[in-house]
Undergrad: 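Dropping a structure here in structure tokens format, bear with me for questions.
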Amino acid sequence: MSENKPCIICVAITGSLPTKENNPAVPITVAEQIESTQEAFEAGATIAHCHVRDDEGKPTSDPERFAALKEGLEKHCPGMIVQLSTGGRSGAGNARGGMLPLAPDMASLSVGSNNFPTRVYENPPDLVDWLAAEMLKYDVKPEIEAFDLSHIHQAKKMADDGRLKGTPYVQFVMGVKNAMPVDRDVFDYYIRTVQRLFGEDAPWCAAGIGPNQIVLNEWAISSGGHARTGLEDNVRIDRDTLAPSNAALVKRAVELCEKYERPVANYAQARELLGLRAA
């Protein structure tokens, strides 16, 4: 198996939910986000998964804020893969894709609906198709956020009929309340499903929410996949200790790469593994 291939570390820097009250290290303003991402980049992260907030700290899909963040990251983290979120907590309908004309390297794409802790995470087929078409138009590689097995199969269908270009990059999201729990048998089946549908060498990633972040980091890194960490998913280092930064969570993933003898991918390797344009 491909355990020794370089491991791409994605840092989810802010998200839509965490606040300064949850952890003062959560970067809310664009300036804070750039500084926090630069530290994480220097620690080994090569993908920045980005959300933006308004002046009150609430989630927004404002393209101007995304543009300012993207510009700052490209200046201070040269080569880093910028991945903008089209998630449903930040806006509704086509507003969720309003930043795609900025032509970031990547954007998240949820291809189906599922339950979240207090609501339905709605991704209706017409919106999914529109977001995918915008990503094709602006040469943005989607990261498929798989909250359910059906989402992996839907990504295959979309790749086969041309709605997605190239081999999809699928991320398994586990540990969201009311969605897919953290289950090792399911995780292993997800890997087999990706390899069966997209080929043995198809890259994949995993994200665990809250205390499950480190669990999924270890499962992914030890199984030849790529890892996501960051304050969006988890504001703590352990039960009693708040994470001091995004970089601290990245360093924890780097330590797991060392444990499993996987080199940490630099930005050039990450871009090659994901079939992205050179920096």
Side-chain angles (χ1 to χ4, degrees), residues 7-53 57-60 65-66 68-85 87 89-90 104-108 143 145 171 173 175-176 205-218 220-221 225-258 264-267 270:
C7 176
I8 301 167
I9 298 175
C10 171
V11 60
I13 56 173
T14 302
S16 294
L17 293 179
T19 64
K20 295 282 191 190
E21 287 70 38
N22 302 132
N23 183 335
V26 175
I28 301 295
T29 68
V30 168
E32 288 173 342
Q33 289 178 310
I34 293 165
E35 184 178 3
S36 184
T37 306
Q38 185 176 8
E39 289 177 5
F41 180 55
E42 289 167 359
T46 47
I47 300 176
H49 175 77
C50 305
H51 294 244
V52 288
R53 305 285 183 94
K58 293 187 168 61
T60 176
R65 287 179 190 259
F66 272 121
L69 178 55
K70 177 176 178 283
E71 182 182 354
L73 294 183
E74 288 169 349
K75 178 180 177 183
H76 294 282
C77 310
M80 192 178 198
I81 296 164
V82 176
Q83 181 189 103
L84 304 184
S85 172
R89 292 188 195 274
S90 307
D105 299 296
M106 298 183 75
S108 59
E143 178 183 83
E145 309 283 348
Q171 175 172 267
V173 186
V176 176
C205 178
I209 306 305
N212 293 303
Q213 183 173 78
I214 190 68
V215 177
L216 268 292
N217 284 172
E218 184 146 20
I221 290 165
H226 305 292
R228 165 164 146 161
T229 190
L231 291 166
E232 169 175 351
D233 300 338
N234 173 34
V235 295
R236 297 179 179 275
I237 279 281
D238 57 45
R239 179 178 288 184
D240 304 314
T241 316
L242 291 175
S245 62
N246 274 304
L249 295 171
V250 171
K251 285 171 187 165
R252 195 166 67 161
V254 169
E255 286 165 6
L256 284 171
C257 289
E258 291 166 358
V264 176
N266 61 36
Y267 69 79

Undergrad: In Å, rounded to the nearest 0.5 Å, how long is the span from CD of Gln33 to SG of Cys50?
TA: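 One gets 7.0 Å once the value is rounded to the nearest 0.5 Å.
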Undergrad: With rounding to the nearest 0.5 angstrom, report the NE2 to CD distance, His76 to Glu39.
TA: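 His76 NE2 to Glu39 CD: 13.0 Å, rounded to 0.5 Å.
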Undergrad: Is it the case that over 12 heavy atoms from other parts of the model lie below 6.0 angstrom from the CD atom of Glu35?
TA: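 No, because the 6.0 Å sphere around CD of Glu35 holds 12 heavy atoms or fewer from other groups.
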Undergrad: Sub-3.5 Å donor-acceptor pair from the side chain of Arg65 to the main-chain atoms of Arg53, do we have one?
TA: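 Side chain of Arg65 to backbone of Arg53, a donor-acceptor pair under 3.5 Å: yes, one is there.
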Undergrad: Rounded to the nearest 0.5 Å, what separates atom OG in Ser245 from atom CD1 in Ile237?
TA: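 Between atom OG of Ser245 and atom CD1 of Ile237 there are 7.5 Å.
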Undergrad: For residues Ile28 and Lys20, determine if any side-chain heavy atom of one lies less than 4.5 Å from a side-chain heavy atom of the other.
TA: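 They are in side-chain contact.
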Undergrad: For the NZ atom on Lys58, are there more than 12 heavy atoms of other groups (residues, nucleotides or ligands in this structure) within a distance under 6.0 Å?
TA: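 Not more than 12 within 6.0 Å, no.
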Undergrad: May I ask you to decide whether Glu255 forms a salt bridge with Lys251, counting only side-chain N to carboxylate O separations under 4.0 Å?
TA: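 Result for this pair is no, no salt bridge flagged.
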Undergrad: Just list the side-chain donor-acceptor pairs under 3.5 Å for residues 226-233, sequence neighbours left out, or say none.
TA:
| from | atom 1 | to | atom 2 | distance (Å) |
| --- | --- | --- | --- | --- |
| His226 | ND1 | Ile8 | N | 2.9 |
| Arg228 | NE | Asp233 | OD2 | 2.8 |
| Arg228 | NH2 | Glu232 | OE2 | 3.3 |
| Arg228 | NH2 | Asp233 | OD1 | 2.9 |
| Arg228 | NH2 | Asp233 | OD2 | 3.4 |
| Thr229 | OG1 | Gln213 | OE1 | 3.1 |
| Glu232 | OE1 | His51 | NE2 | 3.4 |
| Glu232 | OE2 | His51 | NE2 | 3.4 |

Undergrad: What are the two closest heavy atoms between Pro27 and Thr14, and how far apart are they?
TA: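 Closest heavy-atom pair between Pro27 and Thr14: O-OG1, 2.8 Å.
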Undergrad: Measure the spacing between SG of Cys77 and NZ of Lys75 and express it to the nearest 0.5 Å.
TA: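 Spacing of SG (Cys77) from NZ (Lys75) equals 12.0 Å.
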Undergrad: Would you confirm whether Asn212, through its side chain, and Gly175, through its main-chain N or O, come within 3.5 Å as a donor-acceptor pair?
TA: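 Not confirmed, Asn212 side chain does not pair with Gly175 backbone.
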Undergrad: For Ala270 versus Ala265, what's the shortest heavy-atom pair and its separation?
TA: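 Heavy atoms of Ala270 and Ala265 come nearest at N-CB, 4.2 Å.
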Undergrad: Minimum heavy-atom separation for Leu73 to Ala48, with atom names?
TA: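 Shortest heavy-atom contact: CD1-CB, 4.1 Å.
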Undergrad: In a check of side chain to side chain contact (heavy atoms under 4.5 Å, CB included) between Val26 and each of Thr19, Asn246, Val235, which one passes?
TA: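 Checked Thr19, Asn246, Val235 against Val26; only one passes side chain to side chain contact (heavy atoms under 4.5 Å, CB included): Val235.
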Undergrad: Where do Ile221 and Cys7 come nearest, in terms of heavy atoms and distance?
TA: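 Heavy atoms only, the tightest pair is CG1-SG, 3.9 Å.
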Undergrad: Using modelled atom types only, decide if a donor and an acceptor are shared between the side chain of Thr46 and the backbone of Asn266 within a distance under 3.5 Å.
TA: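 Not at all, since once roles are kept as given, no pair shorter than 3.5 Å links the two residues.
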Undergrad: Please find the pair of heavy atoms, one from Ala253 and one from Ile9, that lie closest to each other, and give the distance.
TA: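 In terms of heavy atoms, the two residues are closest at CB-CD1, 4.0 Å.
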Undergrad: May I have the step-by-step check of side chain to side chain contact (heavy atoms under 4.5 Å, CB included) for Met106 and Ile81, ending in yes or no?
TA: CA-CA 7 Å; Met106 298 183 75; Ile81 296 164; 3.7 Å; yes
Undergrad: To the closest 0.5 Å, what do you measure between CG (Leu84) and CD (Glu143)?
TA: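 Leu84 atom CG to Glu143 atom CD measures 12.0 Å (nearest 0.5 Å).
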Undergrad: Quick one: CG on Asn234 to CG on Asn22, what's the gap to the nearest 0.5 Å?
TA: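 With rounding to 0.5 Å, CG (Asn234) is 11.5 Å from CG (Asn22).
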Undergrad: Contact between Met80 and Ile47 at the side-chain level, heavy atoms closer than 4.5 Å - yes or no?
TA: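 Heavy-atom side-chain distance check fails, nothing below 4.5 Å.
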Undergrad: Is any side-chain heavy atom of Ile214 less than 4.5 Å from a side-chain heavy atom of Asp238?
TA: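 Not touching, per the 4.5 Å side-chain cut-off.
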Undergrad: Considering non-hydrogen atoms only, spot the tightest contact between Ala243 and Asn23 and give its length.
TA: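 Minimum heavy-atom contact is O-ND2, 2.9 Å.
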Undergrad: Between His49 and Ile13, is the side chain to side chain contact (heavy atoms under 4.5 Å, CB included) condition met? List the steps.
TA: CA-CA 6 Å; His49 175 77; Ile13 56 173; over 6 Å; no
